[in-house]
Amino acid sequence: MKKNIALITALLIATGICTVNAAEIHPQRQAELLYLLKHDCGSCHGMRLEGGLGPALTAKRLAPYGIEFLALTIVQGRPGTPMPPWRPFITDPEAYWLAGQLKQGVNQ
Amino acid sequence: MRFLRYLLMASAFYSAQASAECLTRGTGDMGIIIERAAGSVQVVDRSTHQALFRVEGLGDLSHASAVYSRDERYAYVFGRDGGLTKVDILCGKITHRVVQGGNSIGGAISQDGSLIAVSNYEPGGVKIFSSQDLTLVADIPATAVNSEKRAKTVGLVDAPDQRFVFSLYDTGETWVVDMTDPAKPQIQKNLNVGKLPYDGLITRDGRYYIAGLFGQDGLALLDLWHPEKGTRLILQDYGKGEQKLPVYKMPHLEGWAMAGNRAFLPGVGHHQVLVVERGDWNPVGKISVHGQPVFVMARPDGRQIWVNFAFPDNDTIQVIDTESLKVIKTLKPGKGALHMEFAPRGEEVWISIRDKDEIQVYDTRSLELIHSLPVDKPSGIFFTSRAHTTGL
């Protein structure tokens with residue numbers, strides 16, 4: 001079931017139906033997500049996202065990856081590694097927005 | 001008369017100078033608190049519950065930790081960005097600072113107090129410095145993972161006989177480094193200790209080193225009285241048949257909770273604290289708790305265990321009675337309850353509450369909040385009594 005949702009999400013994203021713009025995420029929620037990114041993702045990726053147990057999430061390092069791929073990593077995690085699935089706390093559009101922020105270099 | 005005036009002037013001058021510069025007092029009831037976002041530390045007085053100094057300019061302090069010189073005057077602070085900073089807590093000043101690696105994860109001070117070892121993620125390995133002036137004494141690169149990367153080093157502790165012990169995350173090793181001759185570190189490597197060791201701890205007496213494993217069930221135990229025997233897996237059946245939960249924050253083993261002959265450990269991926277009998281290291285019980293434990297710490301007399309939790313349960317602290325193995329209190333101190341530090345004799349525990357920008361001090365007998373002090377995004381709390389404890 002989970003796999004299906006992921007597949008559908010991937011398809012939707014791939015076909016552009018699910019693209020999000022920042023306007024769809026309330027500014028207050030955006031601030032919450034950035035706080036989460038800094039402090040909770042930061043416990044593995046470093047508060048400045050320059051890496052820790054998990055890899056650096058700087059724009060430079062993420063340049064080769066697409067936003068969809070990164071958004072999927074965020075909501076699904078990476079089984080077999082410490083990267084946990086954030087789906088219970090982050091919706092797909094929010095993950096997409098967050099991935100976009102990472103790609104742009106949220107910290108620079 | 002003239003002499004008296006001279007005396008008065010001299011003492012006025014002296015006290016003015018003392019307040020402008022350094023304190024003249026013992027440091028036994030002092031400590032530091034990491035302000036993780038501001039890159040600063042506060043020097044605090046444990047007895048008055050007050051801040052004495054704020055020291056700035058320590059770099060990225062997310063996940064920072066600290067050790068103390070044996071005279072309890074200097075704190076060595078390990079920052080995330082590879083910064084190693086020596087802080088004079090009587091003067092509230094940085095005396096030395098080096099940026100020694102790209103990305104680091106804590107350190108240790110040698111038994112004789114002369115060496116500071118730092119564990120690095122990037123480039124993977126351990127570097128060892130003089131505690132005097134932070135000059136490099138030894139560089140110990142970790143095993144290569146591929147042509148560009150070396151294994152991340154984790155769980156670095158000091159051990160008796162002037163040794164350091166640490167584990168290699170990517171390659172599953174535990175190394176024992178003997179620094180008796182600083183010019184010639186002797187390294188004993190234990191290979192294949194288990195999958196993805198993420199942190200390590202040493203028992204207070206310095207005998208057992210235990211690495212927590214992320215990649216499989218169980219922990220890797222090394223008896224430092226007999227390092228030649230290598231590591232063995234303990235608790236490898238723990239959690240069998242139970243669904244492992246995603247881990248939103250890696251547990252810390254540093255606060256090794258030993259109460260009597262029992263050890264209390266965080267159950268990785270479970271809402272449980274594990275209880276193990278020391279010696280044969282067999283499980284004696286599991287205690288269900290509110291969330292996934294991060295720090296599981298014993299009150300110094302071993303009568304209580306205090307536990308904090310990973311996201312999204314990091315607004316809660318639970319207290320366990322070590323006799324009945326029952327949760328006796330659930331506290332809701334606020335979001336981001338990140339770290340706890342006991343007074344060395346256990347009458348108080350200080351807890352950092354990140355999202356409230358404060359430290360809360362609890363009486364461990366009444367389990368009531370008795371003080372709070374403002375600190376900007378506090379994380380680690382380190383009291384000077386650590387200077388005399390192996391593994392801290």
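Small disclaimer: the values here were computed from a predicted structure and weren't measured. Chain letters run A, B, ... following the sequence lines, proteins first, then strands; residues in each count from 1.
With a threshold of 4.5 angstrom between heavy atoms, B/Asn103 approaches chain A through side-chain atoms but not through N, CA, C or O. At a 4.5 Å heavy-atom cutoff, A/Pro79 makes no contact with chain B through either its backbone or its side chain.
Taking the six-membered ring where tryptophan is involved, the planes of A/Trp86 and B/Phe311 are tilted, since the angle between them lies from 30° to 60°.
No other option in A/Pro82, A/Cys44, A/Ser43 has as many heavy-atom pairs under 4.5 Å with chain B as A/Pro82. Among B/Lys195, B/Met250, B/His63, the residue with the largest count of heavy-atom pairs under 4.5 Å with chain A is B/Met250. Taking chain A as the reference chain and counting heavy-atom pairs below 4.5 Å, the highest number among B/Asp355, B/Ile105, B/Leu338, B/Leu61 is found for B/Asp355.
Under the 3.5 Å distance criterion, the side-chain polar atoms of B/Tyr248 are matched with a main-chain donor or acceptor of A/Pro85.
Taking all atoms of both residues into account, the shortest heavy-atom contact from A/Leu53 to B/Tyr121 is N-CE1, 3.2 Å.
Atom NZ of B/Lys335 has 12 or fewer heavy atoms from other residues, nucleotides or ligands within 6.0 Å. Counting heavy-atom neighbours within 6.0 Å of A/Tyr35 OH, excluding the residue itself, gives a total above 12. At most 12 heavy atoms of other shown residues, nucleotides or ligands fall within 6.0 angstrom of atom CZ in A/Arg78.
The distance from atom CZ of B/Arg80 to atom CE of A/Met47, rounded to the nearest 0.5 Å, is 9.5 Å. To the nearest 0.5 Å, atom NE2 of residue A/His39 and atom NZ of residue B/Lys377 are 5.5 Å apart.
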